[in-house]
Amino acid sequence: MCSHPCGFYSFMFTGHPQRTLMDGGISAIKTENSGDEFLKEALVILMQDAVQKGTDRGHKVCEWMEPEKLHEILDLKLQRNGESQEVLLGYCRDIVRFSVKTGHPRFFNQLFSGLDRHALTGRILSETLNTSQYTYEVAPVFVLMEEEVLTTLRHYVGWTAGDGIFCPGGSISNMYAINVARFHRFPHAKEKGLSALPRMTIFTTHESHYSVRKGAAFLGIGTDNIILVQTNDRGKMLPEDLEKKIEKSKSEGAVPFLVSATCGTTVLGAFDPIADIADVCERHGLWLHADAAFGGSALLSSKHRHLLHGIERANSVTWNPHKMLGVGLQCSAFLLPDTTGLLQRCHAANATYLFQTDKFYDLKYDTGDKSIQCGRRVDCLKLWLMWKALGSQGLEKRVDKALEQTRYLVEEMKAREGFCLIMEPEFVNLCFWYVPPSLRDQQDSPDYWQRLGKVAPVIKERMIKKGSMMVGYQPHGDRVNFFRQVLVNPALTKTDLDFFLDEIELLAEDL
């Protein structure tokens, strides 16, 4: 048996390639050996400190440090001379120590959480192989793998054919939708630019992700040309108001071209009625984009895919497996049912140093010109490896468990004094106020809501400085600050959920 504290990594790095004087001689061998030793020790730190301790309930979610003090501890300045392996390993330990452990079961702060070991292995492999996903000649395995994963994701959307690409996050995927929709409506926009186009309008709701606004600004459409559609009291788009807004926009001389509906909004977890919105889009000839970055993974569940009823009628879909499935940042797919090469025509620049037309293999495997990027990291491997390990059935169980735990937490909140639900959750976003002892039965006080709005920030500060857990809060419309608990970590247990409630009560007992 290997005596190394992490025998697997020790085994991986026992040998070194033969080197000659022409390759750099003795000094090159020494440098390479030193790098291998450093990597071997760094992987031990990664496994012990980041993976094992970072997901251990006995360790903190975060170790808070004020920016000035943290800057001093980490010694971030870059210097002329290199530093020793021991010092570098110390930096690695400090980086892990003072970073937030997003894989920890009590990290509820974002729409992602958890640390899937199979996906992590895929991420390590991707970084080690360090290739760019643009041509078959430099990424043969990953070109084939990406298409297989995209095909599978499209299947769950409800499409038997289509196109797609992995993007650096859901924001960029949503921007792809805007750009492709504009190109589909006005193909000459690619060459002629904005001066050759009429005023175009986009329709979405105030609940949609801010990337729609950023995309309109970035692509020159302008944020003033985003028309907000009314929602119901649960944050869902009202199709009847959408139709009115489209007709009004046309009457003002604009050209409506895109509706961005949301499947799983950021705060409330609302799902827009895609089927009804699709009816409106078809009547008016608008592109329908479904931003299912967060909620798309519900498609894997036979119990919950009804939340996205009608999504197969969308012209494009954003889906982020790095959120609910826990693949790890980043993993965002932009999907289309189109089979005409629209994505390629929209973005292709035909760089001859990459996309030669006389290559010895089938050029359809050079997929890089679909992207607005040149260099593009491999984001499919981590999802593929995790899917291989768990199977579709395992992923479905992961989704079902998250919604079951949300329901459990709802019922527990209802049984405890002080927890006040904003609304019954539709998804895994559980929004609530915590009313501390001093504010109970004070609803008629003129400063009640002002005082209640200060509670969540104080509790958040206390939990972070204690390191016990992390959960987000925000104001929303005319609602003062409230907590948004997001249950997506597959390692969560009912004990963790009970701890969450107990800790909120403990942190606020003197408020």
- Message: Centroid separation under 6.0 Å, is that true for the rings of Phe108 and Phe500?
- Response: yes

- Is there a side-chain contact between Arg117 and Val51 (heavy atoms, below 4.5 Å)? yes

- Task: May I ask you to check whether His289 and Thr318 show a side-chain donor-acceptor distance below 3.5 Å?
- Result: yes

- Task: Would you tell me whether Ser211 and Asn174 have side-chain atoms, one donor and one acceptor, within less than 3.5 Å of each other?
- Result: yes

- Would you mind telling me which of Phe419, Tyr473, Phe483 makes a ring pair (Phe, Tyr, Trp, His ring centres under 6.0 Å) with Tyr434? Phe419

- Message: Main chain of Gln133, side chain of Arg376: is a donor-acceptor contact present, judged purely on distance under 3.5 Å?
- Response: yes

- Are the side chain of Thr265 and the backbone N or O of Gly269 linked by a donor-acceptor pair below 3.5 Å? yes

- Under 3.5 Å, is there a donor-acceptor pair between the Gln356 and Thr352 side chains? no

- Query: Taking NZ, NE, NH1 and NH2 as the nitrogens, is one of them in Asp366 or Lys359 under 4.0 Å from a carboxylate oxygen of the other?
  - Reply: yes

- Non-hydrogen atoms of Arg462 and Leu507 that approach each other most closely: NH1-O, 2.6 Å

- Message: Looking at Lys40 and Glu37, is any side-chain nitrogen of the basic one under 4.0 Å from a carboxylate oxygen of the acidic one?
- Response: yes

- Item | Ring geometry between Phe112 and Phe107 (parallel below 30°, tilted from 30 to 60°, perpendicular above 60°) | tilted

- Message: Can a side-chain donor-acceptor contact be found between Ser392 and Tyr156 if the only test is distance below 3.5 angstrom?
- Response: yes

- Any side-chain donor paired with an acceptor under 3.5 Å for Asn109 and Lys460? yes

- Task: State, without any angle test, whether His347 and Asn179 hold a side-chain donor-acceptor pair at a distance under 3.5 Å.
- Result: yes

- Message: Please tell me whether Asp498 and Thr495 have a donor and an acceptor in their side chains that are separated by less than 3.5 angstrom.
- Response: no

- Query: Would Ser173 and Ser332 count as having a side-chain donor-acceptor pair, cut-off 3.5 Å?
  - Reply: yes

- What pairs with Gln393 under side chain to side chain contact (heavy atoms under 4.5 Å, CB included), at least two apart in sequence or on another chain? Lys397

- Query: Got Val455 and Leu452 here, is their nearest side-chain heavy-atom distance under 4.5 Å?
  - Reply: yes

- Task: Kindly indicate whether the side chain of Val480, heavy atoms from C-beta on, has any atom under 4.5 Å from the side chain of Pro475.
- Result: no

- Query: Any side-chain donor-acceptor pair under 3.5 Å between Tyr136 and Asp362?
  - Reply: no

- Message: Looking only at side-chain N and O atoms, does Tyr134 offer a donor or acceptor that is under 3.5 Å from a partner on Gln373?
- Response: no

- Query: Under 3.5 Å, is there a donor-acceptor pair linking the side chains of Ser260 and Asp291?
  - Reply: no

- Task: Please determine if Asp49 and Arg97 form a salt bridge, counting it only when a charged side-chain N lies under 4.0 Å from a carboxylate O.
- Result: no

- Item | Heavy atoms from other residues, nucleotides or ligands near CD of Gln79 exceed 12 (cutoff 6.0 Å) | yes

- For the pair Phe432 and Phe482, evaluate ring-ring contact (aromatic ring centres under 6.0 Å, His included) and give the outcome as yes or no after the intermediate values. CA-CA 6 Å; Phe432 67 96; Phe482 59 86; 8.6 Å; no

- Query: Are Leu381 and Met145 close enough that some pair of their side-chain heavy atoms sits under 4.5 Å apart?
  - Reply: yes

- Cut-off 3.5 Å, side chains only: do His59 and Gln52 have a donor facing an acceptor? no

- Residues Arg123 and Glu127 bridged, charged N to O under 4.0 Å: no

- Message: Between the side chains of Arg106 and Glu503, is the shortest nitrogen-to-carboxylate-oxygen separation below 4.0 Å, so that they form an ion pair?
- Response: no

- Query: Heavy atoms, side chains only, cut-off 4.5 Å: are Ile45 and Arg93 in contact?
  - Reply: yes

- Between Phe427 and Phe271, ring centroids under 6.0 Å: yes

- Item | Exercise: do Ser371 and Tyr176 side chains pair donor with acceptor under 3.5 Å | yes

- Salt-bridge contact Asp116-Arg398 (side-chain N to carboxylate O under 4.0 Å): yes

- Message: Evaluate Lys466 against Glu63 for salt bridge (Lys or Arg N to Asp or Glu O under 4.0 Å), listing each step before the verdict.
- Response: CA-CA 8 Å; Lys466 183 179 179 182; Glu63 187 164 335; over 6 Å; no

